[in-house]
Amino acid sequence: MKKEDKNNKTMADPMDCTACRSTGQMITKARKDGVVLNFDRAEDMKACPIGADSACCKHCFMGPCRFNARDPYKKVGVCGATIDTIMARNFARTVAGGSAAHTDHGMAMLELFRDVVNGKILDYEIKDTFKLESVAQSLDIETEGRSVKEIATDLYQELERTYTQVDGEIPFVKRAPKATLETWRKLGIVPRGAMREVVEMMHRTTMGVDQHYENITKQASRTALSDGWGGSMVSTEISDILFGTPTPVEVAVNMGVLKENMVNIIIHGHEPNLFESMLVSVGSETLVQASKDAGADGINLVGMCCSGAEMMSRHGVPHAGNFSSTEAIMVTGAVDAMAVDIQCIKQGLASVAKCYNTPLITTNTRAHMEGAVHIEFNEHDPLGCTDEIVIKAISRFKTRTHEIEIPSEVNTGVQGFSHEYIQYMLGGSFRGGYAPLNENIINGRIRGVAGVVGCTNPRTKQDDSHVKLVKELIKNDVLVLLTGCAQIALAKAGLSSPEAAHFAGPGLQEVCETVGMPPVLGLGSCVDNSRILIAASAMVAQGGLGDSIADLPVAGAAPEYMSEKAIAIGQYFVASGVYTMFGVTFPIVENTKFHNLLFNGLEEQGLGKWGFEKDPIEMARSMIAHIDKKRAALGIDKARERVLVDMSDRREL
Ligand code: SF4
Ligand code: MSK
């Protein structure tokens, strides 16, 4: 349903924009307050159809050149480039952009680790020495009888190769199943070093360099793998070592976590160090007293987007909402400061913050914004920044003038399922491992595993596809692993609690009830998708489900993605052997050679493949069909038929 605003612009009904009631409530209030949000801008700024199909090129100034998606081979660019070259180059640059984001984030984490180890940074320490040792052992670093500092120094030196190495193989590819690694070697796509791959990708896609869509796609796979098994994986592992590996924790999610009588501070972005130091600042007696002197009951620190997802998983910090809600939450009038670091931070936040007199504070040297206050975060004096953020928030609380309207929704669920905890949960502390998961897949109680990840996007109803897709998957006995904004969508829908097992099919429900786990397991932020790769490798290593990730009855999806990072993640899952489906839109022209390569050809090479579907139920069906195809290839399809026939027996059991 659409209405017109005072300028006669059509405005979508708030509940057509989002499945999140709190966000819908805030869209309504924003319109009353005359404030424009991302949802309204998406209505106003229609997507360029040529760009959406990736049928244009502006890689040189003989162009831009554009093609007609209905007749893509009718024309070539001024340089003679074909539609396949153009689409492949655009796609590859998107992969390079996303991979660069994860790589730069990972490099920052590794640099922090180095300076903690060598004693130059004193505000952080190695919290998880068990994880330090297990990561070191996975890279054949000697741990027996050695000090933490010795092991950590060697680990730093080894992992630095992930980024800086110019030849050879990045360290973590050792963790991939042997057959998967052999396929990469055969295809020549084992990453050498993340910086080399991203730079080479950018070079190859400039005008007049690589002009064969297959060769460009090969380098796109190599670049994406340098992210998944490199930049992102290093980031996750180092963050766990420094700040602790997540274990299940009950967490409150949704806008109702804001408190009217407290100083509310939101952290939004991707790097955990800012948030870790904020936790210290909000615990400071002096600052808590200052908040009370200002008339508040204390300080309420909450997260949003992916740094929120990471801190929710690691420390149980309440989470207020995902990507599409970051502007809407300021409409509550109750946000006394929002501090941001890197990635997925909409510039539109600045104007919304101004409307509600909320300090919007940028903290990272890489990410300034017009209209925001910049207080640089420096790991050598982190509290210098975070204390100042708290002080700004307290003074905004003291001078609150806006009407406060906090939606009442709060959803409680269990988060924080790291790969390490999944092993322990399924196998127990003495025989931790994936045997019970594999056994339940082989016997058919669990049909397969799906990773549902990625953003929300105001071009599609927020959270709606995530929730419908996941409900359909678990109803069909598919265990779902979640990260990033998808994880928050499902938490808000109440699927993260063990009681949600009743949404699952009989086989998955039985497993969830036996273990006491929810049917969806939240693994953390978007950079933590590397945990899914490690879990998939552990499933292969456990045995009984084939030799490579491509053999597993698994599938992946990002039904509401918006970021370049999501395309990089999709490509590293595809290159790792996973059928990966995206929704909303896909930057490709159908009935072209490049389309056929991504959607079929890569699978024929022994990798995974891409899929695209806007309808979440159809998406679930395609994923389930793929899982069943893999089950049949493994010869375990009959077991599942028996499980379904034996339902009453199992009930008795
Ligand atoms: Fe046009 Fe070729 Fe230049 Fe692209 S590289 S803008 S297709 S001339
Ligand atoms: S924050 S990349 S909107 S998941 Fe990681 Fe969310 Fe997507 Fe950003």
Side-chain angles (χ1 to χ4, degrees), residues 38 50 54-67 72 75-90 93-94 97-99 101-102 105 204-211 213 216 227 232 235-236 267-272 303-313 319-327 340-346 367 451-460 462-463 466 482-491 522-530 532 556-570 582-584:
N38 46 321
I50 301 165
S54 195
C56 62
C57 178
K58 56 185 183 73
H59 288 191
C60 87
F61 298 90
M62 294 187 282
C65 301
R66 59 187 183 154
F67 291 67
K75 278 187 175 180
V76 291
V78 175
C79 67
T82 64
I83 184 75
D84 294 302
T85 302
I86 285 166
M87 286 187 300
R89 282 197 305 217
N90 289 343
R93 283 206 166 188
T94 305
S99 300
H102 288 142
H105 172 177
R204 285 210 209 176
T205 49
T206 49
M207 190 265 151
V209 187
D210 201 347
Q211 292 167 105
Y213 69 100
I216 296 167
D227 170 357
S232 285
S235 179
T236 296
I267 306 297
H268 158 32
H270 282 81
E271 289 191 345
M304 288 195 89
C305 227
C306 271
S307 37
E310 192 163 332
M311 298 306 275
M312 167 184 90
S313 302
H319 197 291
N322 54 21
F323 174 71
S324 290
S325 302
T326 53
E327 291 177 5
V340 299
D341 51 36
I342 50 160
Q343 300 173 16
C344 305
I345 294 146
K346 294 187 281 283
V452 178
V453 308
C455 328
T456 56
N457 182 332
R459 295 218 177 273
T460 187
Q462 181 190 9
D463 298 344
H466 284 301
L482 298 164
T483 62
C485 293
Q487 182 172 340
I488 306 308
L490 271 298
L523 271 61
S525 69
C526 50
V527 91
D528 293 331
N529 281 313
S530 56
I532 302 180
E560 300 182 29
Y561 85 105
M562 64 83 200
S563 170
E564 285 181 321
K565 293 183 291 169
I567 293 275
I569 292 166
F582 272 34
V584 190

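As the structure is a prediction and not an experimental result, all values here were calculated from the model. Both ligands and their constituent atoms are indexed starting at 1 by order of listing.
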Nearest-contact summary for [atom] - protein heavy atom, Å:
atom: atom 8 (S) of ligand 1; value: C79 N, 3.4 Å
atom: atom 7 (Fe) of ligand 2; value: C455 SG, 2.4 Å
atom: atom 6 (S) of ligand 1; value: C57 O, 3.3 Å

May I ask whether [X] has any heavy atom positioned less than 4.0 angstrom from an atom of ligand 2?
X: G454; answer: yes
X: Q343; answer: no
X: S525; answer: no

Next on the checklist: Is the ring pair H105/H270 parallel, tilted or perpendicular, if the boundaries are 30 and 60 degrees?
Outcome noted: perpendicular

Next on the checklist: Run F582 and I567 through side-chain contact (heavy atoms from CB on, under 4.5 Å) and show every step you take.
Outcome noted: CA-CA 9 Å; F582 272 34; I567 293 275; 4.1 Å; yes

Atom indices of ligand 1, in the order listed, that fall short of 4.0 Å to a heavy atom of [X]:
X: G63; result: 6 (S)
X: C65; result: 1 (Fe), 6 (S), 7 (S), 8 (S)
X: M207; result: 5 (S)

Would the distance check show the side chain of [X] and the main-chain N or O of [Y] forming a donor-acceptor pair, the cut-off being under 3.5 Å?
X: H102; Y: K565; result: no
X: S324; Y: Q462; result: no
X: Q343; Y: A101; result: yes

Checklist entry - Do the side chains of D463 and N322 get nearer than 4.5 Å, heavy atoms only? => result yes

Checklist entry - Does any non-hydrogen side-chain atom of C485 lie less than 4.5 Å from one of C305? => result yes

Next on the checklist: Once rounded to the nearest 0.5 Å, what's the spacing between atom CD1 of I216 and atom CZ of R93?
Outcome noted: 10.5 Å

Checklist entry - How long is the span from the NE2 atom in H59 to the CG atom in N90, to the nearest 0.5 Å? => result 4.5 Å

List ligand 2 atoms under 4.0 Å from [X], heavy atoms only on the residue side.
X: C485; value: 1 (S), 3 (S), 4 (S), 6 (Fe)
X: C305; value: 1 (S)
X: M562; value: 3 (S)

Checklist entry - Backbone, side chain, both or neither: what part of R89 comes under 4.0 angstrom of ligand 1, heavy atoms only? => result side chain

Item to check | C344 and ligand 2 - part of the residue with a heavy-atom distance under 4.0 Å | outcome: side chain

Item to check | Pair S235-S232, side-chain donor/acceptor within less than 3.5 Å | outcome: no

Item to check | 2.8 Å cut-off met by an N, O or S atom of C60 to atom 3 (Fe) of ligand 1 | outcome: yes

